[in-house]
Number of protein chains: 2
Amino acid sequence: MTAVLVIEDDDRIRLALLLALEEEGYSASGAATAEEGLRRQREEPADHVLVDLMLPGLDGFECIRRLRRDDDVPIVVVSARDDTHDIVAALEAGADDYVVKPVAIKELSARLRALRRRGRVLTDAVPAQVFGDLEISAEAGEVRRAGRPVAVTRTEFRLLCELAEHAGRVLSRQQLLRRVWGYETGDERLVDVHVGRLRQKIEPDPANPRHLVTLRGLGYKLQR
Amino acid sequence: MTAVLVIEDDDRIRLALLLALEEEGYSASGAATAEEGLRRQREEPADHVLVDLMLPGLDGFECIRRLRRDDDVPIVVVSARDDTHDIVAALEAGADDYVVKPVAIKELSARLRALRRRGRVLTDAVPAQVFGDLEISAEAGEVRRAGRPVAVTRTEFRLLCELAEHAGRVLSRQQLLRRVWGYETGDERLVDVHVGRLRQKIEPDPANPRHLVTLRGLGYKLQR
DNA sequence: CGGCTTTTGTCATGGAACTGTCATACAACC
DNA sequence: GGTTGTATGACAGTTCCATGACAAAAGCCG
């Protein structure tokens, strides 16, 4: 699980953040002072650090500099002050992002994800979408069935991704033509052909598809 | 010089941003539509892209997704809308940061610097990696197959390291050109040639590569 | 420097894989 | 049974990739 360390002196805000982060699926821990936070990060490094700027004793800027000195953990400043000078100073000190309180937890979570993605090399995980025995990994550019890689062409891959993105929902041939091929108009049979080819590759029994199903008169959908 | 591409339909804002960025020492160019921006970035990739969300035609979110599809240039959204939903959606689409207009140029500049800094961390050296019977030691600058050292040239080594660093993930020829050769643009065949030469050296059967595989239409990847 | 080797980048070619169209056969619906 | 919509095999045109040949550039050494 992704661990987050929150360095913030205001108890209420710190606890609220911790709760919200855990709600979002993070493992969160807190520190009330910069010194405490630095110690925690040294002993048991988290994957992200959130820092307030106004801290008693060692201030936020110095805290960021010290964190950065022996670690390149992503640092996000969470501050009440919306002041260009502070923002610039914090970023210069080594922070990666700066958000202003009060902050929507969804935004914070999205920003943390964005930071992780930038640093994904460090955590080399390859996310994949899973549909039963079917796995689709955009990063690896491959599709697996029952763990075995299946060779699909680029068009088939895009088609599959498009269907996967809207899993469980019907997509009309027109929509697919537009989204996969970029055609504003075109022969809808084209979609049939590619769906057929895809089925040959990803369905155990292509004649009785279980994932990539036809909805007569409507289009196709991918179901789990 | 660091190049920035600004995709923004409002002429006044775009020009103001361009001027301010140049003032800050960037080489800035602008595009009034997403389509234009995507074309520019394909033809002559900038180091950063700033994009507005509300664009005529293709909207900002789609623009971000397409930019992200063939490039991992840092993308910063510059939008008038300060809405959690928009922020989350933009970051999910692949943006790296989101700032609200009107934006202080100093802050923007600091955020761009922070992004660049984070990007560099990724390209740091990696210790030895093992792919089956293939060993890559970045420190020793040496490659071994089945225990025996293999003589590879500098370019081949860099190419291999780049692929190894992103093991399991597809890297497009464009990405490789940029990361290995530092070319912002160039003939993609060049990559093919070097991949071919590398295969001659590291693959038992170069015609049927097991590690350094081609993903037609996508690029190459190194797999374990 | 001057000749040599190695490495690098460009180009052309052939061949493999992919795409879209079409015709035909099949299935579902009324 | 007629009609409509879908599956599928075959085919030609195209795109994409591997590879060998070659020239330019870089490195090496006397």
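Below, read A as the first sequence line, B as the second, and so on, with proteins coming before strands; counting in each chain starts at 1.
- With rounding to whole Å, A/Asn208 atom CG is found 16 Å from C/dC26 atom P.
- Checked by atom type, the side-chain pair A/Tyr220/A/Arg173 shows a donor-acceptor distance below 3.5 Å.
- Residue A/Leu215 contributes atom CG, which lies 11 Å from atom P of C/dC29 at whole-angstrom precision.
- For A/His194, the listed nucleotide lying nearest its side chain is C/dG20; candidates were C/dG20, C/dT8, D/dT8.
- Distance CG (B/Leu218) to P (C/dC18): 11 Å, rounded to an integer number of Å.
- In terms of the ring pair (Phe, Tyr, Trp, His ring centres under 6.0 Å) criterion, residue partners of B/His194 (sequence neighbours excluded) are, by chain and number, B/Trp181.
- Within 4.0 Å of B/Gly186, counting heavy atoms only, lies no atom of the nucleic acid at all.
- Summary of helix geometry: the two end axes of the helix from C/dC1-D/dG30 to C/dC30-D/dG1, each defined by five base pairs via their C1' atoms, are inclined to each other by 30° (rounded to 10°).
- To the nearest angstrom, P of D/dT8 lies 11 Å from CD of A/Glu203.
- Residue A/Arg154 places no side-chain N or O under 4.0 Å from the OP1 or OP2 atom of D/dT15.
- Nearer the 5' end of DNA chain D, as judged by each residue's closest nucleotide, is the contact made by A/Arg216, out of B/Val193 and A/Arg216.
- For the residue pair B/His166/B/Arg179, the side-chain donor-acceptor check at 3.5 Å is satisfied.
- When distances run from any side-chain atom of B/Thr155 to the nucleotides D/dA7, C/dG9, C/dT21, the shortest one goes to C/dG9.
- As a whole-Å value, the separation of B/Arg199 CZ from D/dT19 P is 7 Å.
- Side-chain N or O atoms of B/Arg178 include none that pairs as donor or acceptor with a backbone N or O of B/Tyr183 at under 3.5 Å.
- For C/dG20, one of the phosphate oxygens OP1 or OP2 lies less than 4.0 angstrom from a side-chain nitrogen or oxygen of A/Trp181.
- Rounded to whole Å, the distance from CG on A/Leu159 to P on C/dC18 is 15 Å.
- The closest side-chain donor-acceptor pair between A/Thr153 and A/Arg158, if any, does not fall under 3.5 angstrom.
- Between the CG atom of A/Asp192 and the P atom of D/dT4 there is a distance of 17 Å, rounded to whole Å.
- Counting only heavy atoms from C-beta on, A/Leu190 has its side chain closest to C/dT21 among C/dT7, C/dT21, D/dA18.
- Here the nucleotide nearest the side chain of B/Asp187, chosen from D/dA18, C/dG9, C/dT10, is C/dT10.
- If you check D/dA7, C/dG20, D/dA18 against the side chain of A/Thr214, the one that comes closest is D/dA7.
- Shown here are the salt bridge (charged side-chain N to carboxylate O under 4.0 Å, His left out) partners of A/Arg189, two or more places apart in sequence or in another chain: A/Asp192.
- Distances shorter than 4.0 Å separate some side-chain N or O of B/Tyr220 from OP1 or OP2 on D/dA18.
- Between C/dT10 and B/Arg189, no contact under 4.0 Å exists linking OP1 or OP2 to a side-chain N or O.
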Quiz item: Is there a side chain to side chain donor-acceptor pair (under 3.5 Å) between A/His48 and A/Arg116 once you walk through the steps?
Solution: CA-CA 9 Å; A/His48 296 285; A/Arg116 266 206 306 289; 3.0 Å; yes

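- Mapping B/Arg197 and A/Gln200 onto DNA chain D by nearest heavy atom places A/Gln200 at the nucleotide closer to the 5' end.
- Salt-bridge formation is detected for the pair B/Lys101/B/Glu8: a Lys NZ or Arg NE/NH1/NH2 atom is positioned less than 4.0 Å from an Asp or Glu carboxylate oxygen.
- Between the CG atom of A/Leu212 and the C1' atom of D/dT6 there is a distance of 14 Å, rounded to whole Å.
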